[in-house]
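Note that the structure is a prediction, hence the values are computed from the model and not measured.
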Amino acid sequence: MTDVSQRARDLLGRLLHGHGVVARITEVEAYGGIDDPASHAFVRTPRSEIMYGPPWRLYVYRIHGHHAANVVTGPTERAAAVLIRAGEIVEGIDVARERRGPVADEALARGPGNLTKALGITSLDLGTDLLDPEPVSLGERVESPEIAAGPRVGVRLNADLPWRFWVAGDPTVSTYRRHPRA
DNA sequence: TTCTGGATGCTT
DNA sequence: AGCATCCAGAAT
């Protein structure tokens, strides 16, 4: 059975193309949908409806004035998705630098909000089929990395579930922060 | 219409 | 450890 945590691990080392920039995914989090209180799909609302649709589509949500990008993974009735938390820019680094301003290269796509900014992903990309080449798409897997796992960042519910996965030792991975009330 | 609380990021 | 920031969902 390929549950959402396995789908999350499989996304590590894959390329994500967004508006002229390509990132190698280095950090993800799995959200289990109907069984996971931390998932937006735990309550079915207009916002979470996209996760009840076909897999390999892009779910973009806004939080604290930032965007966050998720891959809807299915199976459809479970409404699971994987949050893309960080990556290494491997193409279009000049464009990414322009979008992000003066930060170190390894920090260009460190954190969900920073990654979407570097790749130019906004709410306009909501629902994009990631198997189509434009405007946002998943590419090939360029490495099979050593994977580390731990609790998800900033979630209050299911705070100890180790569903955050990252490329071990990679400098572009964000730092762990527990939810204050978790 | 108003209130509450974050799947954040940056500064101190 | 604090705060800027802002929308979705829930309460009223």
Side-chain angles (χ1 to χ4, degrees), chain A residues 3-9 11-12 16 18 23 25-53 55 57-74 78-89 96-128 130 136 148-167 170-182:
Chain A
D3 67 353
V4 61
S5 62
Q6 185 58 50
R7 299 295 184 94
R9 283 184 283 259
L11 283 170
L12 291 174
L16 181 65
I25 298 170
T26 58
E27 182 189 358
V28 296
E29 278 175 2
Y31 285 86
I34 57 172
D35 284 345
D36 182 4
S39 170
H40 291 168
F42 186 70
V43 179
R44 189 168 183 165
T45 65
R47 179 176 68 157
S48 61
E49 192 61 32
I50 178 78
M51 288 189 273
Y52 288 83
R57 295 226 282 232
L58 189 67
Y59 168 45
V60 181
Y61 69 92
R62 264 188 165 278
I63 182 137
H64 295 298
H66 306 271
H67 297 278
N70 304 251
V71 178
V72 175
T73 59
R78 300 202 55 81
V82 175
L83 170 67
I84 311 299
R85 286 198 55 91
E88 179 202 16
I89 306 298
R97 285 181 183 135
E98 193 170 315
R99 288 174 178 154
R100 287 279 289 123
V103 299
D105 285 350
E106 61 266 29
L108 284 171
R110 174 189 286 158
N114 291 332
L115 179 137
T116 54
K117 191 171 181 187
L119 269 62
I121 295 173
T122 69
S123 306
L124 298 174
D125 300 309
L126 176 63
T128 295
L130 293 168
V136 181
R152 294 174 289 185
V153 172
V155 301
R156 185 170 62 89
L157 303 166
N158 259 346
D160 296 318
L161 192 64
W163 271 11
R164 171 172 175 252
F165 306 99
W166 64 92
V167 176
D170 195 290
T172 66
V173 174
S174 70
T175 54
Y176 175 67
R177 254 183 355 200
R178 189 176 178 84
H179 190 286
R181 299 213 295 126

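Here salt bridge (Lys or Arg N to Asp or Glu O under 4.0 Å) pairs that include residues 108-122 of chain A, with residues two or more places apart or in two chains, number zero.
For A/D125, the salt bridge (charged side-chain N to carboxylate O under 4.0 Å, His left out) test picks out no residue, with sequence neighbours left out. By the side chain to side chain contact (heavy atoms under 4.5 Å, CB included) test, A/L115 pairs with A/L16, A/I84, A/A109, sequence neighbours left out. Checked against side chain to side chain contact (heavy atoms under 4.5 Å, CB included), A/A86 has the following partners two or more places apart in sequence or in another chain: A/T26, A/E27. Listed by chain and number, the residues in a side chain to side chain contact (heavy atoms under 4.5 Å, CB included) with A/F42 are A/P37 (sequence neighbours excluded). Listed by chain and number, the residues in a side chain to side chain contact (heavy atoms under 4.5 Å, CB included) with A/T116 are A/H67, A/A69, A/I121 (sequence neighbours excluded).
In terms of phosphate contacts, A/R152 brings no side-chain nitrogen or oxygen within less than 4.0 Å of OP1 or OP2 of B/dT8.
Read 5' to 3', the first and last nucleotides of DNA chain C with an atom closer than 4.0 Å to a heavy atom of chain A are C/dT5 to C/dA10.
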Would you mind writing out the side-chain donor-acceptor pairs for residues 98-106 of chain A within the sub-3.5 Å range, not counting sequence neighbours?
unit_1: A/R99; atom_1: NH1; unit_2: A/H19; atom_2: O; d: 3.4
unit_1: A/R99; atom_1: NH1; unit_2: A/A118; atom_2: O; d: 2.9
unit_1: A/R99; atom_1: NH2; unit_2: A/H19; atom_2: O; d: 2.9
unit_1: A/R100; atom_1: NE; unit_2: A/L108; atom_2: O; d: 2.8
unit_1: A/R100; atom_1: NH1; unit_2: A/N114; atom_2: OD1; d: 3.2
unit_1: A/R100; atom_1: NH2; unit_2: A/A107; atom_2: O; d: 3.1
unit_1: A/D105; atom_1: OD1; unit_2: A/R97; atom_2: NE; d: 3.1
unit_1: A/D105; atom_1: OD1; unit_2: A/R97; atom_2: NH2; d: 3.4
unit_1: A/D105; atom_1: OD2; unit_2: A/R97; atom_2: NH2; d: 2.9

Enumerate, atom names and distances included, each donor-acceptor pair closer than 3.5 Å involving a side-chain atom of residues 155-162 of chain A, sequence neighbours excluded.
unit_1: A/N158; atom_1: ND2; unit_2: A/D36; atom_2: OD1; d: 3.2
unit_1: A/D160; atom_1: OD1; unit_2: A/R178; atom_2: NH1; d: 3.1
unit_1: A/D160; atom_1: OD1; unit_2: A/R178; atom_2: NH2; d: 3.3

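Pairs of Watson-Crick or G-U wobble type, with distances under 3.5 Å, assemble into runs of 3 or more in DNA chain B at these ranges: B:1-6 with C:6-11, B:8-11 with C:1-4.
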Which pairs, protein N/O on one side and nucleotides 4-7 of chain B N/O on the other, fall under 3.5 Å?
unit_1: B/dG6; atom_1: OP1; unit_2: A/R156; atom_2: NE; d: 3.4
unit_1: B/dG6; atom_1: OP2; unit_2: A/R156; atom_2: NE; d: 3.1
unit_1: B/dG6; atom_1: OP2; unit_2: A/R181; atom_2: NH2; d: 3.3
unit_1: B/dG6; atom_1: O5'; unit_2: A/H179; atom_2: NE2; d: 3.1
unit_1: B/dA7; atom_1: O4'; unit_2: A/Y31; atom_2: OH; d: 3.2
unit_1: B/dA7; atom_1: N9; unit_2: A/Y61; atom_2: OH; d: 3.3
unit_1: B/dA7; atom_1: N7; unit_2: A/A38; atom_2: O; d: 3.1
unit_1: B/dA7; atom_1: N7; unit_2: A/H40; atom_2: NE2; d: 3.3
unit_1: B/dA7; atom_1: N6; unit_2: A/H40; atom_2: N; d: 3.3
unit_1: B/dA7; atom_1: N1; unit_2: A/N70; atom_2: OD1; d: 2.5
unit_1: B/dA7; atom_1: N3; unit_2: A/Y61; atom_2: OH; d: 2.8

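Of the residues in residues 101-108 of chain A, none lies under 4.0 Å from DNA chain B by heavy-atom distance.
Counting heavy atoms from C-beta outward, A/L11 and A/F165 have side chains that stay 4.5 Å or more apart.
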